[in-house]
Amino acid sequence: GQADGVFRRIDLAVTVVGRVSVLRSGSRGRTERVGSSSPPRKAASPWESWSRSAPCSAIRRQAAHSRSWSRPSSIVGKKKIFFTISCALILIAILVSIIFGVKVDIKFQGGSMITYSYTGDINLEDTESFIKTAMGKENSIQGSTDIATGTQSMIISLTEKDGLTVEEQQKLTEELTNKYKDNNLELVSTTNVGASIGQEFFKKCWVAVIFSALLMIIYIGFRFKKISGWSAGVMAVVALLHDVAMVYATFVIFRIPLNDNFMAVVLTILGYSVNDTIVIYDRIRENKKIYGKTLLADGGVGTLLMAI
């Protein structure tokens, strides 16, 4: 925004000086033609020569380019395209959720997490298929290595509402020990996560999101009374819901389980989005004092770019 104002002032100064030089040169030429039948060749003034030079032309082109960014057609004029992209992504996420379902982490759905240590190499994908065949249960496996000791381990997650029973855990250990006899497979830990615990954690996360949204509406409503007040706060929350919907669509479309990382990402995006919204509202409030109703002539694009 400041650069644009500088370029406009330079462009205006160059234009005024050039016109004054042309008028002066023209008046001298008319004076000389009165006393002589053959008018002498007019010499260009220094300002006129500089206004036609390459540096001045480059400055004018830069000023025109800066002014073109403030046109509504650059951003606001294409709002239908952006709205269409957002609505399409949300619609795809809803369809994927209905058709294929939403993958939920064991912490939210409940189940068992069993950790085994081993030596050598074990194909985790083959192990996952083996457990599904032997136990008849869906599972996922993550591998890890202890940097200090070099011990390798695999964490088996089985989604069950009440977790695995003692007999099922023993059967699983026996099956894996028989399959990987040369890998010194040992049971390290077993953790059962109840569905009620996961659901309670999930509810607390959403309560935090809703509570923060209400506080933001109240804060923006009081701080920005001169620019719509409460409606500004509500629209800020709508923007936050859009950001959360984009995160949800990313997790659902790419089949990433909703876990505590999802909630951490949502809360982080909420924080950054609130900060950006308040910065833009603050710039609108300042520019509205200076430009008044003319601020809306460019759809607020100049204010947006200044805030960015």
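- A distance of 6.5 Å separates CE of Met154 from OH of Tyr180, quoted to the nearest 0.5 Å.
- For the side-chain hydrogen bond (donor to acceptor under 3.5 Å, both in side chains) condition, no pair includes a residue of residues 232-241, sequence neighbours left out.
- The distance between the ring centers of Trp230 and Phe222 falls below 6.0 angstrom.
- Lys204 is linked by a salt bridge (Lys or Arg N to Asp or Glu O under 4.0 Å) to Glu200, counting only residues two or more places apart in sequence or in another chain.
- Contact annotation: the side chain of Ser97 approaches that of Tyr248 to within less than 4.5 Å [non-hydrogen atoms, C-beta and beyond].
- At a threshold of 4.5 Å between non-hydrogen side-chain atoms, the residues Arg255 and Val96 count as touching.
- Side-chain contact between Ile131 and Ile141 is present, with at least one heavy-atom pair separated by less than 4.5 Å.
- Distance OG1/Thr173 to CD1/Ile156: 8.5 Å, rounded to 0.5 Å.
- Here the straight-line distance linking atom NZ of Lys103 with atom CD1 of Ile256 works out to 9.5 Å at 0.5 Å rounding.
- Taking hydrophobic clusters as Ile, Leu, Val, Met, Phe, Trp and Tyr residues chained together by side-chain heavy-atom distances below 4.5 Å, Ile98 does not share a cluster with Ile92.
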Pairs under 3.5 angstrom only: tabulate donor-acceptor contacts from the side chains of residues 264-273 to other protein residues two or more places apart or in another chain.
| residue | atom | partner | partner atom | Å |
| --- | --- | --- | --- | --- |
| Thr268 | OG1 | Ala264 | O | 2.8 |
| Ser273 | OG | Asp243 | OD2 | 2.8 |

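- Atom CG of Asn183 and atom CG of Leu176 lie 10.5 Å apart (nearest 0.5 Å).
- Within the 4.5 Å cutoff, no side-chain heavy atoms of Thr119 are placed close to those of Gln152.
- Follow the hydrophobic side-chain contacts under 4.5 Å out from Ile217 and you never reach Leu215; the two are in separate clusters.
- For the 3.5 Å distance criterion, the side chains of Arg285 and Tyr281 fail to qualify, holding no donor opposite an acceptor.
- In this structure, Ala236 and Ile220 approach most closely via the heavy-atom pair CB-CD1, 3.7 Å.
- Looking only at distances, no side-chain donor or acceptor of Thr145 sits under 3.5 Å from a matching main-chain atom of Gly150.
- Across Ser153 and Thr115, no two heavy atoms sit closer than the pair CB-CG2, 4.3 Å.
- Closest heavy-atom contact between Tyr219 and Ile278: CE2-CD1, 3.5 Å.
- Note on residues 109-158: no pairs pass ring pair (Phe, Tyr, Trp, His ring centres under 6.0 Å), not counting sequence neighbours.
- The hydrophobic clustering, which links ILVMFWY residues whose side-chain heavy atoms are closer than 4.5 Å, places Ile90 and Ile253 apart.
- A single hydrophobic cluster is not seen to contain both Leu91 and Val247; linkage of ILVMFWY side chains at heavy-atom distances under 4.5 Å, directly or through other members, places them apart.
- The side-chain contact (heavy atoms from CB on, under 4.5 Å) check on Asp182 picks up nothing, with sequence neighbours excluded.
- Contact annotation: the side chain of Ile114 approaches that of Leu158 to within less than 4.5 Å [non-hydrogen atoms, C-beta and beyond].
- In terms of heavy atoms, Gln142 sits closest to Leu124 at C-CD1, 4.3 Å.
- With Glu168 contributing its side chain and Thr165 its backbone, the two residues share a donor-acceptor pair below 3.5 Å.
- For Ser117 against Thr151, the heavy-atom pair with the smallest separation is CB-CG2, 4.0 Å.
- Lys78 NZ to Ile85 CD1: the interatomic distance, rounded to the nearest 0.5 Å, is 11.0 Å.
- In the hydrophobic clustering of ILVMFWY residues, with side-chain heavy atoms under 4.5 Å counting as a link, Met235 and Ile210 come out apart.
- Screening residues 114-133 for salt bridge (Lys or Arg N to Asp or Glu O under 4.0 Å), with sequence neighbours left out, gives Lys132-Glu138.
- In this structure, the side chains of Met246 and Leu89 come closer than 4.5 Å at one or more pairs of heavy atoms.
- Residue Leu164 holds its CG atom at 11.5 Å from OG1 of Thr191, rounded to the nearest 0.5 Å.
- Under the 4.5 Å side-chain criterion, counting only non-hydrogen atoms from C-beta, Leu187 is not in contact with Gln169.
- Nearest heavy atom pair, residue Met113 against residue Ser157, reads CG-OG, 4.1 Å.
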